[in-house]
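None of these values were measured; they are calculated from a predicted model. Just so you know, these numbers use all the heavy atoms, side chains as well, and skip hydrogens, waters and symmetry mates.
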Amino acid sequence: MAETPAKKSIWRTAKVVAWSFVGLRGRGAYDEDAKNLSLIHIIVVGLVAILVFVASLVFLVNWVVAH
């Protein structure tokens, strides 16, 4: 039986980007992701993740300084 390729989904890409932020991806997982993910999805999710991360840091700093 032939295996069906994994679908290119935004949620799968978000999971991969989240793991890359932490830095805990294995080599085998990287090779699989390289075949099954869309470059556009990776770029969009990565930019959104960076914006959320920076906004949360700004919010945290403002909250700490205010208290």
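Here the OG1 atom belonging to Thr13 is positioned 11.0 Å from the CD1 atom belonging to Ile40, to the nearest 0.5 angstrom.
Every side chain to side chain contact (heavy atoms under 4.5 Å, CB included) that Leu39 has, sequence neighbours left out, goes to Ile43. In terms of the ring-ring contact (aromatic ring centres under 6.0 Å, His included) criterion, residue partners of Trp63 (sequence neighbours excluded) are, by chain and number, His67.
Both Val16 and Ile42 sit in one connected hydrophobic cluster of ILVMFWY residues. Membership requires side-chain heavy atoms under 4.5 Å apart, directly or through other members.
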Name each donor-acceptor pair under 3.5 Å that joins a side chain in residues 46-58 to protein atoms two or more places apart or in another chain, with its distance.
residue	atom	partner	partner atom	Å
Ser56	OG	Val52	O	3.2
Ser56	OG	Phe53	O	2.7

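Using modelled atom types, one side-chain atom of Ser9 and one backbone atom of Arg12 make a donor-acceptor pair closer than 3.5 Å.
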